[in-house]
Number of protein chains: 2
Amino acid sequence: MEPLPFLRALTPCDRCAVRKTSLCSRVNVDLQRDLARLSHHRTYRLGETVLAEMEATSFVGIVVSGVLRMQKSLEDGRQQLVGLLFRSDFFGRVFGGLSDYAIEAASDVILCCYERRAFERLTERFPELEHQLMLNTLDELDAARDWMLLLGCQTMPERVASFLLMLCRRGEPDEWVSGANLSIHLPISRRDMASYLGTTGESISRVIHEMSRRGIIKIRNAQDFEILNKRQLVRMSGRDDLSIRPAIAAQSSRSPYERLAAANGLPRSTGFH
Amino acid sequence: MEPLPFLRALTPCDRCAVRKTSLCSRVNVDLQRDLARLSHHRTYRLGETVLAEMEATSFVGIVVSGVLRMQKSLEDGRQQLVGLLFRSDFFGRVFGGLSDYAIEAASDVILCCYERRAFERLTERFPELEHQLMLNTLDELDAARDWMLLLGCQTMPERVASFLLMLCRRGEPDEWVSGANLSIHLPISRRDMASYLGTTGESISRVIHEMSRRGIIKIRNAQDFEILNKRQLVRMSGRDDLSIRPAIAAQSSRSPYERLAAANGLPRSTGFH
DNA sequence: TGTCGTCTTTGTTCTGGATCAAATTGAAAT
DNA sequence: ATTTCAATTTGATCCAGAACAAAGACGACA
C-alpha cells in the first residue's frame, strides 16, 4: 500500500527512469527511503573506468542508463568481457571488497550509486535487501554458466546468434517492436562483442554478413540490425529459444549421457546449414 | 545409522567430516541444531545423476565426500562442465527451483542434504544463513567468471596448468604435502576434464605428456601426478599464482587498455616456450 | 569540403586443436 | 590367466577461425 504523497518527502527515486524494474524498488518503503537518502548519481563517458580490476570496491549501485562492461585481463593484454550490465542492473562487488574484474563504461552511462560499506550495513538491518541481492546474484551465476557453455563448446555462428538474441531480451526495451521484425541496436563496439564471445572482430564481421546474405538479418549499419527470421536465428544459436523459458520445463526422459550417445558420429558442421 | 536415544542431543553433525569448513558450521548453534534436524545423508555412485538439468530442485546440501560435477548440455550432445564441487561445498539451486544444469556424481559421493523448501524457510527465519549462502554464491560467481576468462582466451597448455593448480588448492587436502613436490590426484575422467576446459581428451593427453617431457610434472599413472616445478607450472598457466591472493592487491598503475596497447604485436605462442 | 584517425569490412595465409583412426593400457568379469 | 570393454595415448589429417594485411566507411574537426 503506497502512502499518500504528502505523507513523506518525495525522493529523486520517485521519478527515476529505472524505478519500476530495479532491485531498489522491490523492497519495502522504509528501506526505499533509506536507500534514496544514501544514493547519488555519477556519470561516465564511453571508455572510462568505473572500478578497476583488483581495486577495493568503494561503491555499488544500479545502472540508470547506458551499458557497463565487466572485464578481466591477463598480463599480456588479452581480455575477456565477463558480463554486460544494462539499465536497472546492479553492479559492484559487495561483501569482500576486491573486485576481480574491471567495470568500465561501454557507452556513456548514468549510475545510481551507494557507498559500499553503508549499503552493506543496510543489508544487515534489512534482510529483504540482502535477499533481493541474493536473487540477483543467483541469476548472474546462471548467466555466467550459460556463457561458459557458449565459450566452451559453441561455434562462432552459434555465439553470434546467441548474442543477438540476448540483446533482444536484455537491450533497451523501447528499441524493439514485438512484431515480426525485431530491431537490434548494438550498444558496444565490435572489439567488446568479440571479447564477450571469445573471438575476434573479423570473425564477427564475417558471421554477421553471412547472416545477412542468408536473409536472417538486415544490416542497417554497423550497429543496427533487423531480425528478419527469428526462428532461424534461434535455430542457428543452437539453443532452445532463450527468450521463452517455461515456468516448469517438461522433464526430459533422456539423460544427457543418453543424448550424447545418440549424437555419436555427428557430421561436422560449419555452423551454417 | 541411528543414534542411540539418549544421545539425541548430540547431532550427527558433531562428528561430521566437513564440520570445520562447511557453510553449516559458520552459523550460530540454534541454527546449527535446526539444520542438523533437517539433514539426511544420501550416497551416489560414480556417474549417477543427483539432480537433472531443468528438473525442479527438491533438495540442496553439502558435499561430505567425493566430487560432484555441474554440467550443461546442448540438444546435439555437446556438453560443458560448468563447475566441480568438492568436500564441504554447497550444492543445489535455492530460490527459483529449476536448476539449469545437471548435478552428477563425478566419483562415489556422500551428500548431506536438506529438503529445499524447508531450507529456504530456514533462511527466512535466520538471515545469517542467507548471508553465508550469499558469500558462497558470490565466490562461485567470481570463480565462474574466472573460468570464462580461461575458456574465452587461454591456450590449452594454460588451461591445463590452471586446472592442475586449481586442484592443488581445492582437491583433497590430505592428498598433498606442502613441501617442494606436490601430489595431484585427478578425481575425474579425461572426458570430464576436457569438458571443463572446453577441449578434447586427446588434447589434454598431449599437453600433460608434454609437461612431463619438460620435467614440470611427473606422471605416476593416468590420474596421479606430481608437480616437480610449481613455479614453471604457474608461469605456464598465464596467471598470477592462483593460490596466493593477497588480502589487498597492489594497485596496478596501468589500465587494461594501456596494457593492451603495450602488448600489440606480440609474437604467436605455442603455449610452451 | 578535405584530412585525419578510428572502426569495420574484406581478402589471404597459417596454425592450434579438433577430428578421425589405431594402438596400448588397465580394470572387471569369467 | 583370458576375454571384454572402456579409458587413455599416440599418430595422421583437416579445418574453423586466428592472425596478418589492406582497403573502405564514417565521424570529428577545421
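Quick note on labels: first sequence line is chain A, next is B, and so on, each numbered from 1. Excluded from the calculations below are hydrogen atoms, water molecules and symmetry mates; all remaining heavy atoms, backbone and side chain alike, are included.
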Participant: Compare side-chain N and O positions of A:Ser203 against OP1 and OP2 of D:dA16 and report whether any pair is under 4.0 Å apart.
Facilitator: no
Participant: Are OP1 or OP2 of C:dT9 and a side-chain N or O of A:Arg190 less than 4.0 angstrom apart?
Facilitator: yes
Participant: In whole Å, I'd like the distance from the CG atom of B:Asp76 to the C1' atom of C:dT19.
Facilitator: 15 Å
Participant: Does one side chain, of B:Gln154 or B:Arg239, offer a donor that lies under 3.5 Å from an acceptor on the other?
Facilitator: yes
Participant: Nearest whole Å is fine: how far is D:dT9 C1' from B:Gln223 CD?
Facilitator: 13 Å
Participant: Is A:Arg159 salt-bridged to A:Asp146, cutoff N-O under 4.0 Å?
Facilitator: no
Participant: Could you give the CE-to-C1' distance, from A:Met156 to D:dA18, as a whole number of Å?
Facilitator: 9 Å
Participant: Using a 3.5 Å distance criterion without hydrogens, assess whether the side chain of B:Thr57 forms a donor-acceptor pair with backbone atoms of B:Gly92.
Facilitator: no
Participant: For the residue pair B:Tyr196 and B:Trp147, categorise the inter-ring angle as parallel (less than 30°), tilted (30 to 60°) or perpendicular (more than 60°).
Facilitator: parallel
Participant: At under 4.0 Å, does any side-chain N or O of B:Thr155 touch on OP1 or OP2 of C:dG16?
Facilitator: no
Participant: Using whole Å, report how far CZ of B:Arg191 lies from C1' of D:dC5.
Facilitator: 14 Å
Participant: What's the closest nucleotide to the B:Ser189 side chain, out of D:dG17, D:dT8, C:dT10?
Facilitator: D:dT8
Participant: Would you mind reading off the distance between B:Arg78 atom CZ and C:dT19 atom P, rounded to a whole angstrom?
Facilitator: 10 Å
Participant: Measure CD/B:Glu202 against C1'/C:dA23 and give the value in whole Å, please.
Facilitator: 14 Å
Participant: With respect to the phosphate group of C:dA18, does any side-chain polar atom (N or O) of B:Arg206 fall under 4.0 Å of OP1 or OP2?
Facilitator: no
Participant: Among D:dT8, D:dA18, C:dT8, which nucleotide sits nearest the side chain of B:Ala222?
Facilitator: D:dT8
Participant: Expressed in angstrom and rounded to an integer, what is the separation of A:Glu210 atom CD from D:dA16 atom P?
Facilitator: 13 Å
Participant: Rounded off to whole Å, could you give me the CZ-to-P distance for the B:Arg213 and D:dT10 pair?
Facilitator: 7 Å
Participant: C:dA18, D:dG11, C:dT10: which one has an atom nearest the side-chain heavy atoms of B:Thr200?
Facilitator: C:dA18
Participant: Test your reading of the model: is there a side-chain donor-acceptor pair from B:Asp108 to the backbone of B:Leu46, 3.5 Å cut-off?
Facilitator: yes
